[in-house]
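Only one structure is covered here, and it is reproduced in the block below.
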Amino acid sequence: MKRVVPQFLLAGALLLQACGSSTVATQEPATEIPRPASGEEVIATVESAPPTEVSTPTVPPQPTSAIQHVSIPTEGITDRATAHDNEESLSFQTKKIKTGDFLRKNVFERPFTSIEMEYLPDVDIADFSITSDDTFFYIKISFVGLNPETQALSGSYGVEIDRNADGRAELLLVTRPPYSTEFSTDGTIAYLDINGDVGGQSINRPDDYDSDGFEAVIFDLTQDIHPEDDPDFLWARLSTYGNLPAIEIAFKKWIFDGGKEAFMWSAVSSAEELNPGEFYFHDNYTVEEAGTANTDTPNYPLKDLAGVDNTCRIPIGFQVTGNEPMGCYVKDGEVEEIAEPTVDGVNSTCGQFSELCKRTEDTRLLIEAQ
């Protein structure tokens with residue numbers, strides 16, 4: 001099993017569970033999915049060095065405060081979908097999980113440190129929901145608790161967007177700490193998989209396809225990178241969900257061409273900064289390298305792949321069939337999806353996000369297809 005080294009362009013130089021047929025954009029009412037009993041699957045229905053060292057001054061990155069923001073998110077007013085993830089709040093002291101971690105399927109429940117298996121409540125996803133207003137989608141991800149040392153949410157959190165429900169996400173939205181209770185663009189980055197190779201050929205199974213993950217940075221204000229005429233594309237803030245701490249990520253709706261808001265989305269969390277070149281994780285780690293959180297297996301404890309959690313994918317704007325790779329559990333659903341990565345055509349990344357590609361290509365932020 002190979003290890004992938006991420007490659008992506010930054011400003012004209014070197015600029016993140018996975019579904020089958022085209023979707024139909026029909027609005028469904030929000031449906032809350034009941035929290036599963038312990039041990040059950042989540043079920044979703046919808047919606048060489050010099051002799052002396054010379055000190056050289058460095059130029060600090062451009063502060064985001066220099067940008068005059070015009071379109072600032074406020075609050076989602078329309079509920080679209082809510083779901084609940086497996087979490088370890090009642091069993092973490094055993095330093096193992098009961099269910100929800102399947103490396104082969106790119107399904108992870110690993111809110112523990114490597115080897116010592118210390119619990120990371122601010123990595124353990126509890127609930128995830130999506131709302132909207134006229135301009136933004138708002139995705140809220142709640143966690144079991146705060147980091148016990150920092151008493152804050154100190155992880156990196158993200159959202160994957162899969163426009164055509166084939167299991168191969170095209171867009172990855174990422175946050176980095178520290179977080180503010182006010183919406184801010186600080187620490188937010190958006191990546192696009194232009195060459196459509198995330199997940200390789202077997203999207204929801206490991207393979208050794210030479211994928212570079214989400215290789216193009218399309219939003220990072222510290223590098224003055226953003227879609228043309230829109231430095232207000234991506235925001236995040238510290239929030240709450242009930243009595244749980246949460247991160248809320250807001251992104252512009254214009255990316256969905258023609259207003260066709262039909263897509264699947266999932267959440268991911270990590271104790272370390274999320275690496276866009278390592279998506280999907282099961283293509284980058286063998287089970288021996290990754291370790292497991294199940295004491296009944298010979299690869300216990302967690303090793304190289306620790307401190308991560310992700311959710312199944314939730315549909316917006318269409319009804320699932322149950323065969324969508326990485327979609328939330330539907331009885332007798334999901335089939336193995338094998339598909340050659342595609343750079344061109346209607347199912348390519350830019351075929352599905354033509355406006356987004358246009359507005360980022362014009363500022364020379366996208367890589368050329370290899």
Side-chain angles (χ1 to χ4, degrees), residues 16 35 38 42 64 83-101 107-129 138-160 172-189 220 222 234-250 266-276 278-279 281 285 290-295 300-311:
L16 174 84
R35 183 183 298 276
S38 176
V42 177
T64 58
H84 313 282
D85 192 38
N86 291 296
E87 43 92 0
E88 312 306 315
S89 61
L90 301 179
S91 59
F92 68 90
Q93 291 178 325
T94 65
K95 296 191 174 185
K96 65 178 182 179
I97 64 160
K98 294 181 179 180
T99 190
D101 186 81
V107 176
F108 301 105
E109 180 69 19
R110 300 178 170 226
F112 298 92
T113 62
S114 175
I115 308 300
E116 289 85 2
M117 298 294 289
E118 296 177 356
Y119 183 53
L120 303 170
D122 62 328
V123 173
D124 197 0
I125 299 172
D127 305 283
F128 51 116
S129 62
Y138 300 78
I139 291 180
K140 187 175 288 190
I141 312 167
S142 70
F143 304 90
V144 170
L146 301 174
N147 182 302
E149 295 183 0
T150 64
Q151 287 301 302
L153 290 181
S154 54
S156 178
Y157 311 111
V159 172
E160 289 185 78
L172 174 64
L173 312 175
V174 171
T175 68
R176 298 177 299 187
Y179 301 106
S180 166
T181 56
E182 300 294 328
F183 271 116
S184 173
T185 58
D186 294 346
T188 61
I189 308 178
D220 182 352
T222 66
L234 180 62
W235 303 74
R237 69 173 174 180
L238 180 66
S239 184
T240 58
Y241 187 86
N243 62 347
L244 299 178
I247 288 294
E248 191 166 17
I249 298 173
S266 57
V268 60
S269 67
S270 175
E272 304 295 333
E273 186 173 338
L274 285 164
N275 185 338
E278 285 196 347
F279 279 75
F281 298 147
Y285 297 88
T292 73
N294 186 343
T295 56
Y300 181 89
L302 296 177
K303 300 179 180 67
D304 292 351
L305 186 58
V308 295
D309 193 6
N310 67 357
T311 72

Measure across [X] and [Y] and return the closest heavy-atom pair with its distance rounded to 0.1 Å.
| X | Y | value |
| --- | --- | --- |
| Ala267 | Ile141 | CB-CD1, 3.7 Å |
| Leu302 | Thr113 | CB-O, 4.3 Å |
| Gly155 | Tyr179 | O-OH, 2.6 Å |
| Leu244 | Val144 | CD2-O, 3.8 Å |
| Leu274 | Ser156 | N-OG, 3.4 Å |

Distance-only side-chain donor-acceptor flag, Ser180 / Glu182, under 3.5 Å: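 No pair is found: no donor N or O on one side chain lies under 3.5 Å from an acceptor on the other.
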Asp124-Ser89 side chain donor-acceptor pair, cut-off 3.5 Å: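 Result is no, nothing qualifies.
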Listed partners of Lys95 passing side-chain hydrogen bond (donor to acceptor under 3.5 Å, both in side chains), at least two apart: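 So Lys95 forms no side-chain hydrogen bond (donor to acceptor under 3.5 Å, both in side chains) with any residue.
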Contacts of type side-chain hydrogen bond (donor to acceptor under 3.5 Å, both in side chains), residue Glu248, not counting sequence neighbours: Arg237
I need the [X] [atom1] to [Y] [atom2] distance, nearest 0.5 Å.
| X | Y | atom1 | atom2 | result |
| --- | --- | --- | --- | --- |
| Lys140 | Asp127 | NZ | CG | 10.5 Å |
| Asp186 | Thr175 | CG | OG1 | 12.0 Å |
| Ser239 | Ile249 | OG | CD1 | 11.5 Å |
| Ile247 | Thr240 | CD1 | OG1 | 11.0 Å |
| Tyr157 | Phe128 | OH | CZ | 16.0 Å |

Using modelled atom types and a 3.5 Å cut-off, is there a donor and acceptor pairing between side-chain atoms of [X] and backbone atoms of [Y]?
| X | Y | answer |
| --- | --- | --- |
| Asp309 | Pro111 | no |
| Ser114 | Ala306 | no |
| Arg176 | Glu273 | no |
| Thr188 | Ala236 | no |

Ring geometry between Tyr119 and Phe92 (parallel below 30°, tilted from 30 to 60°, perpendicular above 60°):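 Rings of Phe92 and Tyr119: parallel, as their planes differ by under 30°.
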Aromatic plane relationship, Phe281 with Phe279 - under 30° parallel, 30 to 60° tilted, over 60° perpendicular: tilted
Neighbour count >12 (heavy atoms, 6.0 Å) for atom NZ, Lys96: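 Atom NZ in Lys96 is not packed in, count stays at 12 or less.
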Gln151, CD atom: more than 12 neighbouring heavy atoms under 6.0 Å: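 Yes.
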side-chain contact (heavy atoms from CB on, under 4.5 Å) between Asp101 and Val107, intermediate numbers included: CA-CA 5 Å; Asp101 186 81; Val107 176; over 6 Å; no
Check: Asp122 and Ser154 side chains under 4.5 Å, non-hydrogen atoms: yes
4.5 Å side-chain heavy-atom contact, Phe143 and Ile125: yes
Worked verdict on Glu109 versus Thr99 for side-chain contact (heavy atoms from CB on, under 4.5 Å): CA-CA 8 Å; Glu109 180 69 19; Thr99 190; over 6 Å; no
Set of residues satisfying salt bridge (charged side-chain N to carboxylate O under 4.0 Å, His left out) with respect to Glu88, sequence neighbours excluded: none
